[in-house]
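In what follows, chains carry the letters A, B, and so on, assigned in the order in which the sequence lines appear, proteins first and then strands, with residues in each chain numbered from 1.
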Amino acid sequence: MPELPEVEVVRRGLERWVSGRTVTAAEVLHPRAIRRHVAGPLDFAGRLAGRRIGAAMRRGKYLWLPVDDGAHAVLAHLGMSGQLLVQPAAAPDERHLRVRFTFEDADGGELRFVDQRTFGGLSLHPASEDGLPDVIAHIARDPLDPEFDQDAFHAALRRRRTTIKRALLDQSLISGVGNIYADEALWRARLHYDRPTATLTRTQTTELVAHVHDVMTAALAAGGTSFDSLYVNVNGQSGYFERSLDAYGRQDEPCRRCGTPMRRSAWMNRSSYFCPRCQRAPRPRPARA
DNA sequence: ACTAGAACCTGGCCGC
DNA sequence: TGCGGCCAGGTTCTAG
């Protein structure tokens, strides 16, 4: 499932294989794939034909390709199963091919958006002054962004009446973190997913963010995480970071620190994996007087 | 204003 | 063999 490292791998692939090329046609094969482009498929295609693609950008799990010298951008989110593939025109269509871009230099291949579960999508938006598509203005900077603000993040955690894993998944507080890397970072930081954010010390926040940063950097170095054939990078190559996950998916396997069997808890319609010894559940909060 | 939880979607897998 | 039901989960919408 694509989180920040996987999306960054795709961004680099787009930068290498797509940036600088000029679109001849954008073909929408499934309307749901561009549902966030409210003006519809014809408008989407019409406004991209003849446009030159700029440098591929990313914030958190969002990717975008500037067009019109940065005045607009094609925004992409991979959802759970989205792939951006550069394929030879002769390659047979993928089963879940949703959008196809062809280019003036046809021998450089086509760009294909393939998405089985259709949570992902593409859309075209005006860009704000810093080049960010306007619809993702609420997405916080991610931990790999040099301008990520540790003080503001800690202050927000102290202010919120919520729990730490919820906060890690809240893209308006810190972006790029999904269920997998949230569990990995919490395991590294020895924090339980249900820990109230208001009780975190500044040191704990700093360490947690460092762990998020480190686990993402390691995953990026390994080419992204993949759990099945759903996630493939821009050139069709799967990542292999899953071999080094310490928490996610390790129910009943020994904790790599203390040997205690790892647990899985149902949590928010999904799963949380943790070590019951290293990551102690918080004491119930005392009722307010 | 803030927080919690449901809804969206498909295909692989499991048990019967 | 077939079928029902569960599971994966990021984002957005709605309810409280």
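- For A/Arg195, the side-chain hydrogen bond (donor to acceptor under 3.5 Å, both in side chains) criterion is met by A/Thr199, A/Gln204, not counting sequence neighbours.
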All N/O pairs under 3.5 Å across the protein-nucleotides 11-13 of chain C interface:
unit_1, atom_1, unit_2, atom_2, d
C/dT11, OP1, A/His77, NE2, 2.5
C/dT11, OP2, A/Lys61, NZ, 3.3
C/dT12, OP1, A/Arg36, NH1, 3.4
C/dT12, OP1, A/Arg36, NH2, 2.9

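- Qualifying side-chain contact (heavy atoms from CB on, under 4.5 Å) partners for A/Ala156, counting only residues two or more places apart in sequence or in other chains: A/Arg159, A/Leu173.
- The side-chain hydrogen bond (donor to acceptor under 3.5 Å, both in side chains) check on A/His154 picks up A/Thr205, with sequence neighbours excluded.
- The bend of the helix from B/dC2-C/dG16 to B/dC16-C/dG2, defined by the angle between the axes of its first five and last five pairs, stands at 50° to the nearest 10°.
- Using modelled atom types and a 3.5 Å distance limit, the side chains of A/Arg52 and A/Thr22 yield no donor-acceptor pair.
- Phosphate proximity of B/dA4 to A/Thr162: present, with a side-chain N or O under 4.0 Å from OP1 or OP2.
- A/Met262 forms part of a hydrophobic cluster together with A/Trp187, judged by ILVMFWY side-chain heavy-atom separations under 4.5 Å.
- With a 6.0 Å cutoff to the six-membered ring centre and a 45° limit on the axis angle, A/Arg21 counts as a cation-pi contact of A/Phe103.
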Report all interatomic pairs (protein N or O, nucleotide N or O of nucleotides 14-16 of chain C) with separations under 3.5 Å.
none

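- Looking at every heavy atom in both residues, A/Leu144 comes nearest to A/Thr217 through CD2-OG1, 3.9 Å.
- The interatomic distance linking A/Leu173 (CG) with B/dC2 (P) rounds to 11 Å, in whole Å.
- Applying the 4.0 Å criterion to OP1 and OP2 of B/dG5, one finds that A/Asn269 has every side-chain N and O outside that range.
- We find that CG of A/Asp183 is positioned 13 Å from C1' of C/dA8, with the value rounded to whole Å.
- A/Asp214 pairs by the side-chain hydrogen bond (donor to acceptor under 3.5 Å, both in side chains) definition with nothing, not counting sequence neighbours.
- Rounding to whole angstrom units, CD of residue A/Glu3 and C1' of C/dA8 are separated by 13 Å.
- A/Arg160 and A/Thr197 share no side-chain donor-acceptor pair at under 3.5 Å.
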Using nucleotides 9-12 of chain B, report all nitrogen or oxygen pairs with the protein that are shorter than 3.5 Å.
unit_1, atom_1, unit_2, atom_2, d
B/dG11, OP1, A/Arg95, NH2, 3.3
B/dG11, OP1, A/His96, NE2, 3.3
B/dG11, O4', A/Gln116, OE1, 3.1

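- A donor-acceptor pair shorter than 3.5 Å can be found between the side chains of A/Glu94 and A/Gln87.
- Judged by distance alone, the side chains of A/Lys61 and A/Ser175 never bring a donor and an acceptor atom under 3.5 Å apart.
- Rounded to whole angstrom, the span from the CG atom of A/Leu157 across to the P atom of B/dT3 amounts to 11 Å.
- As a whole-Å value, the separation of A/Glu6 CD from C/dA8 C1' is 15 Å.
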query = So A/Glu15 and A/Arg12, salt bridge (charged side-chain N to carboxylate O under 4.0 Å, His left out) or not? Walk me through it.
reply = CA-CA 5 Å; A/Glu15 181 70 21; A/Arg12 291 175 185 182; over 6 Å; no

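- Inspection of the A/Tyr193 and A/Ser265 side chains reveals an N or O donor paired with an N or O acceptor under 3.5 Å.
- Among residues two or more places apart in sequence or in another chain, the ring-ring contact (aromatic ring centres under 6.0 Å, His included) test is passed with A/Phe119 by none.
- Listed candidates were C/dG10, B/dA6, B/dA4. Nearest to the side chain of A/Arg166 is B/dA4.
- In this structure, A/Tyr181 and A/Pro5 have side chains that are in contact, with non-hydrogen atoms separated by less than 4.5 Å.
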What pairs of nitrogen or oxygen atoms, one from the protein and one from nucleotides 4-7 of chain C, lie under 3.5 Å apart?
none

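- Residues passing the side-chain hydrogen bond (donor to acceptor under 3.5 Å, both in side chains) test with A/His125 are A/Ser123, sequence neighbours excluded.
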